[in-house]
Amino acid sequence: MKVKKLLTHIIALGAVVMALCLAMFFIRTTFVQPATAKTSGYFISDVFDSPGVEFAHNKTVEQPFTAIGNLYGVRVRFHNAGKPQAGSFYAELVDPSTGGVLAQATGNTETLLNDSYSAIHFDTPHISNGRSDYILRITPTFATENAYMRIWSSAESGSIAFGVISYVADAAAVYRWFDLLWLVVVTVAVVLYAVCFIFKFKKENVFLVALLAVSLVFTMVLPPFSSPDEEGHFSSAYQLANRIEGEGFKWTNNLMRRTEDFDEIFEDRNTTVFSYEYIYKNFFSKAESDEAVFTTDNWIVNDFEGVYAAGAAGILLGKLFNLGYVPMMYLGRFLNLMVFALCAYFAVKITPLGKEVFMAVSFLPITLHIVNSFSRDVFVISIGFIFAAYLLKLWHQQEKYTAKQLILLAVITALLAPSKYIYILMCPLVLLLKKENFTFSFKGGKKTKWIVLAVVAVLFGAVAVFMLFNNGWLVDYVKNTLVSAESLETLLATNPDATFNLGLLLHNPMVALRLFISTVFENGAFYIRSILGGVLGYNSIFISEAFLYVIFTVVVLSTCCTPSDSHTLRTRERAGLAAAFMLVFAAVVYVAVCWTPVSYTSLYGLQGKYLLPALPLLLLACKNRVITITKDIFRQLCFAIAFTDVFVALNALVIIVQR
């Protein structure tokens, strides 16, 4: 039997490694090899004030600029509310002195990215050895004449946000990076198979090793600045690091950054093959000096600073050990990952039911993408997981609650509330704790009842005071989203970029109904994909549905597994979990409403990732006694979703190198 089992493992592991090697060979020859000859670019007018320049039917947009060297094309930042318009466009590179066309390009408007830089390659590059003046002309022809898009521009000068494509990648560096990824992918596959099927580790240990292994692949393929809003979160972490060092002020847009910590290629949030080239060349770089420069207009997230503690620690350690920009960024990302990994590990370990649920949500591609970044959502998701797991543990406990347990729950709750205010709606679940377990004895034998309520009340009061004093804007923001000083008709006529609020929706119920119905019909599938992780990297990397089906199947099966469950949810507990999730969902939708301009017909800014901290609550509420799996398949599910995640990362790689 032992020989048969050994042969089975050898054959299965060989098949796993062979499948990945074939995939990597195909990617190298079909996608990476052509990508090494691609060009990248530098920005001429990289401004983000507003999408103000209209891109309308048969209307030519012009932008003068000066550039050095050969021009292979341009990259322009378009804005079309997430709904590509059908049509075509014609781009020209013009010599302003003669009016002659130096290069041209045509394309499909439906291929233009929303709120991202789209590459427009000239049919034939313009060759120039020196500095020259040019004019860029773009003329669209939409299938519907009243259709339009916008181009991001400067409110002061009207200059559009675009860059020039002008140089070639270092093929050797790209190949070496890919070969390193190949080695990592094969090693991760062997580790996944070993911990899931060979070694008899505990479930939480299997989960932790698999999570860290797959994260290595994800962070190589989706590097710094690729996660949504990561540039703002990095700046916020950097500001916190500065304040710890005694420099700078809280929540200003000004930063002191090392002169080393700037690079346009590395900071391109739409990862390209040039990002991999730069990372490979600079991964072990050292800072040449500790000289810092004062920068203004940085994107800072004005919120609870504790969410950036791990990232700030990475920046401080990077400075301490004189690390370069790239290794410092990866160190901050790694510390953020460790925060999540430890919280998710203990969530899987201590929960009396639904270990598979916490494991499955942790392995969603969107979760892996976020937790391997500087995003504040790493902290939010981590605390959300440990809050749910610890609450389940206390619900299951038959003994009296100890003072230590109740204080720990209060601390977790107090951390969850300010990390992102919509998740404070999860906190009332503490009220479902068993009343009979609140009485406990101190050493002296004196009994104290309801002490937990006093502790929770004090901590919630402290959180409320913190929110009001440190985020005074919050009160005004809430007021402004409840009432509207002008009617919808007036806003549409005079200020179409003004956003909806509750007052406008209540006064215009049919508009509200149309807004929500249009959102479901136009973008419903997109939101479901985004929750699973079918859309990565600033919404421009769409993952194959084949992988999403596997991931969705694992998530569904995770709600049916019962072998490790030592607790059965009571009706009020199940209802409470479902209600908490729906409240968070309603808050997410309401925030999206307050971001949506009145001229839009569907919600803007709604993202599935906002539901991740509360998603285990919904899945746990779906657990029932009707559809159950009594066999322990935790390891099989873990391998299935983790192995699929490796292919998801490779799918993202294919899309990136084709840009």
Check your understanding: Does OH in Tyr527 sit with more than 12 non-hydrogen atoms of other residues, nucleotides or ligands closer than 6.0 Å?
Key -> yes
**Study point:** Crowding at CD, Glu145 (>12 non-hydrogen neighbours, <6.0 Å)
**Key:** no
Does one side chain, of [X] or [Y], offer a donor that lies under 3.5 Å from an acceptor on the other?
{"X": "Ser159", "Y": "Ser157", "answer": "yes"}
{"X": "Asn253", "Y": "Trp299", "answer": "no"}
{"X": "Thr111", "Y": "Asn108", "answer": "no"}
{"X": "Thr219", "Y": "Arg333", "answer": "yes"}
{"X": "His233", "Y": "Tyr308", "answer": "yes"}
{"X": "Tyr90", "Y": "Gln104", "answer": "yes"}

For residues [X] and [Y], report the shortest heavy-atom separation together with the two atoms involved.
{"X": "Phe340", "Y": "Ser362", "answer": "CZ-OG, 3.6 Å"}
{"X": "Tyr134", "Y": "Leu93", "answer": "CB-CD1, 3.7 Å"}
{"X": "Ile541", "Y": "Ile655", "answer": "CG2-CD1, 3.6 Å"}
{"X": "Val380", "Y": "Pro613", "answer": "CG1-CG, 3.7 Å"}
{"X": "Val371", "Y": "Val378", "answer": "CA-CG2, 3.6 Å"}
{"X": "Ala652", "Y": "Ile543", "answer": "N-CD1, 4.1 Å"}

Check your understanding: Would you say Thr109's side chain and Gly87's backbone share a donor-acceptor pair under 3.5 angstrom?
Key -> yes
Exercise for review: Measure from the side-chain N and O atoms of Ser599 to the backbone N and O of Pro496, and report whether any donor-acceptor pair falls under 3.5 Å.
Suggested key: yes
I want to check something: taking the side chain as every heavy atom from C-beta on, are [X] and [Y] in contact at a cut-off of under 4.5 Å?
{"X": "Phe234", "Y": "Met329", "value": "yes"}
{"X": "Gln63", "Y": "Ile135", "value": "no"}
{"X": "Phe387", "Y": "Leu415", "value": "no"}

Practice item. Classify the angle between the aromatic ring planes of Phe225 and Phe266 as parallel (below 30°), tilted (30 to 60°) or perpendicular (above 60°). Key: perpendicular
Check your understanding: According to the interplanar angle, ranging from 0 to 90°, do the rings of Phe162 and Phe65 count as parallel (below 30°), tilted (30 to 60°) or perpendicular (above 60°)?
Key -> perpendicular
Practice item. Show your working on side-chain contact (heavy atoms from CB on, under 4.5 Å) between Asn495 and Val598 and close with a plain yes or no. Key: CA-CA 9 Å; Asn495 187 14; Val598 294; over 6 Å; no
Point to revise | Test of ring centre spacing under 6.0 Å for Phe78 and Phe55 | key: yes
